[in-house]
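See below for the structure under consideration.
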Amino acid sequence: MGLFDQILGAVANPNLQGNLGQLGGIVNTVQQMSDRTGADPSTIQSVLSIVGSQVRSALQQKQATDGNQAAQTLVNQYAGTSPNPQAVNSLFSPQIQQQVAQVAAQRTGLDAGIVQQLLPLAVPLVLNFLQSGANAQNPQGGGNPVLNSFLDADGDGDVDIADAIQMASRYMSR
């Protein structure tokens with residue numbers, strides 16, 4: 001089951017935190033990022049995909065060293081649709097931040113400085129998607145199928161935030 005299917009499952013499950021308002025907020029924030037940078041939404045989605053893969057690595061590392069609970073705590077603490085530099089600094093070293101900006105700049109044509117400025121909004125946005133699978137009554141307890149799917153090292157590796165955002169955008173337009 002793909003990441004977007006997991007997210008839709010979370011939206012449909014009243015026991016999980018995901019809801020249409022959350023998806024709409026994410027889609028709107030992507031549009032705002034596009035408007036602010038002058039880049040088309042697909043370029044912003046590409047940036048989020050690159051950021052998402054780095055978030056995945058950081059959360060996998062956190063999960064391996066400190067357990068599932070620690071990864072869920074980071075997701076709950078920093079998920080959102082507002083800029084949060086602490087979210088970036090908690091997941092990425094300054095060197096990794098620079099590396100993400102360079103890779104995104106090479107792949108999208110956006111200036112690396114602009115990508116660096118987008119990170120405090122991009123990281124919470126990716127985490128917001130992942131938070132949709134958290135238990136509504138007890139966010140720290142129970143499994144989070146969206147986060148688990150995202151971090152599943154045994155999966156096909158084709159977990160892509162850009163695809164999930166694109167599908168959410170289409171879903172919200174219906």
Side-chain angles (χ1 to χ4, degrees), residues 1-13 16-59 74-92 96-134 136 139 144-147 149-150 158-174:
M1 186 183 284
L3 181 62
F4 189 69
D5 293 330
Q6 290 285 347
I7 292 166
L8 279 184
V11 167
N13 186 337
L16 300 179
Q17 288 188 8
N19 60 61
L20 290 178
Q22 180 185 26
L23 279 183
I26 291 169
V27 170
N28 287 340
T29 303
V30 169
Q31 186 59 51
Q32 290 170 6
M33 291 169 78
S34 174
D35 293 346
R36 253 187 252 147
T37 61
D40 60 275
S42 65
T43 300
I44 298 301
Q45 290 170 10
S46 295
V47 170
L48 289 171
S49 178
I50 294 161
V51 170
S53 68
Q54 206 60 61
V55 166
R56 181 180 184 194
S57 296
L59 289 175
L74 271 175
V75 169
N76 290 344
Q77 185 173 2
Y78 295 115
T81 55
S82 299
N84 187 342
Q86 281 185 311
V88 180
N89 294 330
S90 71
L91 288 173
F92 306 149
I96 296 292
Q97 292 175 39
Q98 200 170 27
Q99 201 174 28
V100 169
Q102 291 297 329
V103 169
Q106 288 170 355
R107 290 193 191 159
T108 64
L110 278 179
D111 181 80
I114 290 174
V115 175
Q116 191 100 28
Q117 290 173 7
L118 290 175
L119 288 178
L121 186 52
V123 170
L125 205 59
V126 169
L127 296 175
N128 199 353
F129 255 123
L130 302 177
Q131 189 182 37
S132 67
N144 176 335
V146 175
L147 179 60
S149 174
F150 185 70
D158 194 22
V159 178
D160 195 327
I161 291 292
D163 292 341
I165 291 170
Q166 195 172 44
M167 293 170 104
S169 184
R170 281 192 219 130
Y171 183 81
M172 296 303 293
S173 296
R174 285 201 257 160

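All residue numbers refer to positions in the sequence shown, counting from 1.
- Pairing each heavy atom of Pro124 with each of Leu119, the nearest pair is CD-O, 4.0 Å.
- Among residues two or more places apart in sequence or in another chain, the side chain to side chain donor-acceptor pair (under 3.5 Å) test is passed with Asp111 by none.
- Applying the side-chain contact (heavy atoms from CB on, under 4.5 Å) test between Leu48 and each of Leu121, Val30, Ile26, Thr29 identifies Val30 as the sole match.
- Here the closest heavy-atom approach between residue Ala112 and residue Ala101 is recorded as O-CB, 3.6 Å.
- Among all heavy-atom pairs drawn from Leu110 and Ala39, the shortest one is CD2-CB, 3.8 Å.
- Judged as a side chain to side chain donor-acceptor pair (under 3.5 Å), and not counting sequence neighbours, the contacts of Gln31 are Asp35.
- For the pair Val115/Val51, no side-chain contact is recorded, criterion being any heavy-atom separation below 4.5 Å from C-beta on.
- Neither side chain, Gln131 nor Asn144, offers a donor N or O lying under 3.5 Å from an acceptor on the other.
- Across Gln17 and Ala136, no two heavy atoms sit closer than the pair CG-CA, 3.8 Å.
- Taking the side chain to side chain contact (heavy atoms under 4.5 Å, CB included) definition, one finds that Leu127 meets it with Val55, Leu59, Val75, Tyr78, Ala79, Leu91, Val123, Leu130, sequence neighbours left out.
- By the side chain to side chain donor-acceptor pair (under 3.5 Å) test, Asn128 is found to be paired with Gln22, residues two or more places apart in sequence or in another chain being considered.
- Under the 4.5 Å side-chain criterion, counting only non-hydrogen atoms from C-beta, Gln54 is not in contact with Val103.
- Judged as a side chain to side chain donor-acceptor pair (under 3.5 Å), and not counting sequence neighbours, the contacts of Thr43 are Asp40.
- When all heavy atoms are compared, the tightest approach of Pro145 to Leu16 is CG-CD1, 3.9 Å.
- Looking at heavy atoms from C-beta onward, Asn89 lies in side-chain contact with Gln97 at the 4.5 angstrom threshold.
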